[in-house]
Structure formats: structure tokens, C-alpha cells
2 protein chains.
Amino acid sequence: MLGMPAADTALHADADRPSRREQILRAAAQLFAERGARAVGVDDVGAAVGVTGPAIYRHFASKDAMLAEMLLRISERLLAGGTERVADAGEDPLAQLRTLIAFQVDFALDNPALITVHDRDLGSLSEDDAAQVRRLQRRYVEVWVGVLGRLHPRADAASSRVRAHAVFGLINSTPHSAGRLPRRQMAALLAAMAEAAATS
Amino acid sequence: MLGMPAADTALHADADRPSRREQILRAAAQLFAERGARAVGVDDVGAAVGVTGPAIYRHFASKDAMLAEMLLRISERLLAGGTERVADAGEDPLAQLRTLIAFQVDFALDNPALITVHDRDLGSLSEDDAAQVRRLQRRYVEVWVGVLGRLHPRADAASSRVRAHAVFGLINSTPHSAGRLPRRQMAALLAAMAEAAATS
DNA sequence: CTCACGCGTGAACCACCGTTAACATCCTCG
DNA sequence: CGAGGATGTTAACGGTGGTTCACGCGTGAG
């Protein structure tokens, strides 16, 4: 814990000159998305940033720790962004829904790789880490469930939860249809479909 | 090829008294869905049907061959079912869409495990097998694209393809929200959402 | 200057797992 | 009844891949 670099564990992205740690996480996310976390070797990740495999261990305790941090960050970003958007959207449930949809669409279009890893490789996490990720996911889902519940006052919570997962599935289809349309068009289409599905 | 049992390679499901081969495929599908194909050992699959690991090789050439057959079957069932439904639905694009949606919803509710494996473990297939599966998938998508194109005559094929993937994502969210609602209610909700999204 | 420490390297270790080999069992059919 | 094939079992092999080790090299502080 004391030998570990103090910054960079935080959430901020460090866009301009990413530290080695960040480079590794980014490269790993890309590789994990393409082949699946278990199919990617430590050497592959190293090679992707111009370093040998074992060098990874100067920055992460283990390969699993890498994956864990990756998934935790994603979940945290989604939860934080989602709650913030809803809070800023006023009282109107439809306005809240629209901003949530726009947020999720942007995220999915910006990070198709993270989307892929997020729901494919949760299983290859330690039980503790997996539980923590699931807690964050659950809270994010609950944000959606709240909005959907206010939008459909006669529906029960279970229906709203199913609805939320269905909308996620719709929006998170981006990895399957990436690059087929210019981004603006893609975003508009997905948002329209998501809204239609959510309000049906 | 000659030593291989002649029947059972076919598509029919053999519901009543499944052969060992079928038992293995079913159990493997379940395990693969839960943990991911690479995380499941041959011994695990064997144990799930009351047999040791190497016994698998009396029925399959390799673990990869198991996965390949599994994915090929799924893709074939979807393509065959989809084309058949559309052919039986007459000329009305909306009627065609409704029957396609009903078909996909039924499949997704009946086989959440297969759905999961289908788009998570394609990557761990040999290049040849993966290509074959992708060809089938593509043809199934084209069935949807045709219907969606007739439904939105002013839209280009790329939009329809994105739309198709989005609807798949919506319906195939069943593994994430399994058992939260009674099946009838679940089917009705998903179908309504899918139709709203597809016709928006 | 030099000492410590951050960052990397190549080699070795070790566990896991797919696969094969060699040997039993049982059921069927001539 | 006896031969053969389908089906299993246990033991062993071999590759892959995560992790550790011992060591090298630069750089900034005392």
C-alpha cells in the first residue's frame, strides 16, 4: 500500500499524458473486449504498451486486480454520471428519462470495449470484487427503475426493472453495430428507439 | 467420421430420453453460460452429467468442437425459425415483425443460457467455425433487416441493421432479468417494447 | 558522488487443463 | 458362449500462462 503511487487510483481520467498505469488499463480494456479477459495473456497486455509481461506487476497486484479496477471504474462512472444527470434534470420524469438515455448512449458509443468487458467478464472476478461491482450496478439500475417507475405509475417495480435491463440491452448493442452509421445518426436512432421502448 | 453415431447430429431435440451426447451439450451450455466457456473445465462438464472428464472425448472430438456444435445449432435454429415465421406471416411487414419478435422473445425466454453463450464465447472458436457461425448470424440479421426495411421504406439498410441489433439487444436482455416476472408478463412486456422500438 | 528507488528484463517455477494412452465393463450379435 | 464395439476410468504427458526472483539501469535527493 505504501509503495503504491498515491494518485491515479482516483477516478479522473488523466487525458493528456496518461501514466503507465493508465496506458495499461486502456490497452487491457481493448484486448479484453476483443478476445475476452481469460484469453488475453499478461504478455499480450505488456506488448500492447511496449513492455514485457511481468512489468505489469510493477503497477498491479495481479491480472485479476487489473480487471477488478477496470470494472469498478466503469460501474462507478455510470452510477455517478447517472445520478448526476437525473439530479440536474428537474422534476419531469420524461426529461429525466431523456437525459439518462442520452448519457447511456454517449457512454456506449464512446466506450464499446468497456461495455463488452463489463457484462462478459464479470464472472472471472473474485467473489468479493464481483459483489462490489454488482452493488454498484444495482444502484445504477435503481436510478433507472426510479425514473421508469415515475413514468409508469401503475407498473410494479419488477416490471420497471425488466424494462431497465431491456433498455440497457438495446443501447449496449453498440459493440455489435459499431461504425455502421455516423455517430450523430447512430446516437439519434438509439435514443429514439430507447425512448420509444421505455415509454411504451 | 465413421465411428460417430449417425443420428443426434441432426437438429431435432430428442426431448424425451436425451442421449449422453445431448446431456453433455445441455450441461455444457448451462455451465458455459454461468462461468464462460474458457473458465469451465472438461472435468466440470463431465461431473455435471455424472461422468469423469475424459469420457467427453467418446462423444466429442474436443472441447472446442462441443462449443462449435452448440453455437452452430443455435444459429441454425434461429435462422430456420426466423425465415419460416416470416414466410408464414403473409405480406404485411408489421405482421412479419410481430411474428419475428414473438419468435425471438420465446427463444430468449426458453434458452437464456444459449443466448448468453451465443454472443460471449464466439471469440473462443476456431477461425473456421467462427466464420460459419457468423455467416448464419448474418443471414438471420438479414431476415430482420428485410422486414425492417419494408417497414421503414425511407430508411437505408445500415439504419435497419443497427435497428435489428438494437432489438436483439433489447430482447436478449433476458439473462439479466430472468425470473423477475412470470413468463407471460415478461413475454408481453418485451414484445411491446421491441415493437415500439422497431417501429419508432 | 552515491544511495535509494521506480521501472524493466529474462529466466525459472508451478498449477492448471486439454488431451491421449492403457486398461476395464457391459451389452449385443453371430 | 465368445468377439467386438461403445462407453468409462485412472494415470500420465505437455503446453500455456500467471507469478516470483534476481538482477540492471537511470534519475533525483542528500
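As the structure is a prediction and not an experimental result, all values here were calculated from the model. In what follows, chains are A, B, ... by sequence order, proteins preceding strands, each numbered from 1.
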Take the protein atom CD1 of A:Ile56 and the nucleotide atom C1' of C:dC7, then report the distance between them rounded to whole Å.
12 Å
Not counting sequence neighbours, which residues clear salt bridge (charged side-chain N to carboxylate O under 4.0 Å, His left out) with A:Asp110? List them please.
A:Arg183
Report, as a single string ordered 5' to 3', how protein heavy atoms within less than 4.0 Å touch nucleotides 18-24 of chain C: B base, S sugar-phosphate only, - not at all.
SBB-B--
Residues in side-chain contact (heavy atoms from CB on, under 4.5 Å) contact with A:Asp119, at least two apart in sequence or another chain:
B:His176
Between C:dC17 (P) and B:Arg35 (CZ): distance, integer Å:
10 Å
Rounded interatomic separation in angstrom, taking CG from A:Asp44 and P from D:dT16
13 Å
Ring-plane angle category for A:Trp144 and A:Phe168, please: parallel below 30°, perpendicular beyond 60°, tilted otherwise.
perpendicular
Test item: side-chain donor near acceptor, A:Arg150 and A:Gln96, under 3.5 Å:
yes
Below 4.0 angstrom from OP1 or OP2 of D:dA6, is there any side-chain N or O of B:His59?
no
Does a nitrogen or oxygen in the side chain of A:Thr52 sit under 4.0 Å from OP1 or OP2 of C:dT9?
yes
Less than 4.0 Å between a side-chain N and a carboxylate O, is that true for A:Glu127 and A:Arg134?
yes
Under 4.0 Å: is that the gap between some side-chain N or O of B:Arg20 and OP1 or OP2 of D:dG8?
yes
Whole angstroms only, please: what is the CZ-C1' distance between A:Phe60 and D:dG18?
16 Å
Name the orientation class of the two ring planes belonging to A:Phe107 and A:Phe103 (parallel below 30°, tilted from 30 to 60°, perpendicular beyond 60°).
tilted
What is the distance, to the nearest angstrom, from the CZ atom on A:Phe32 to the P atom on D:dG17?
13 Å
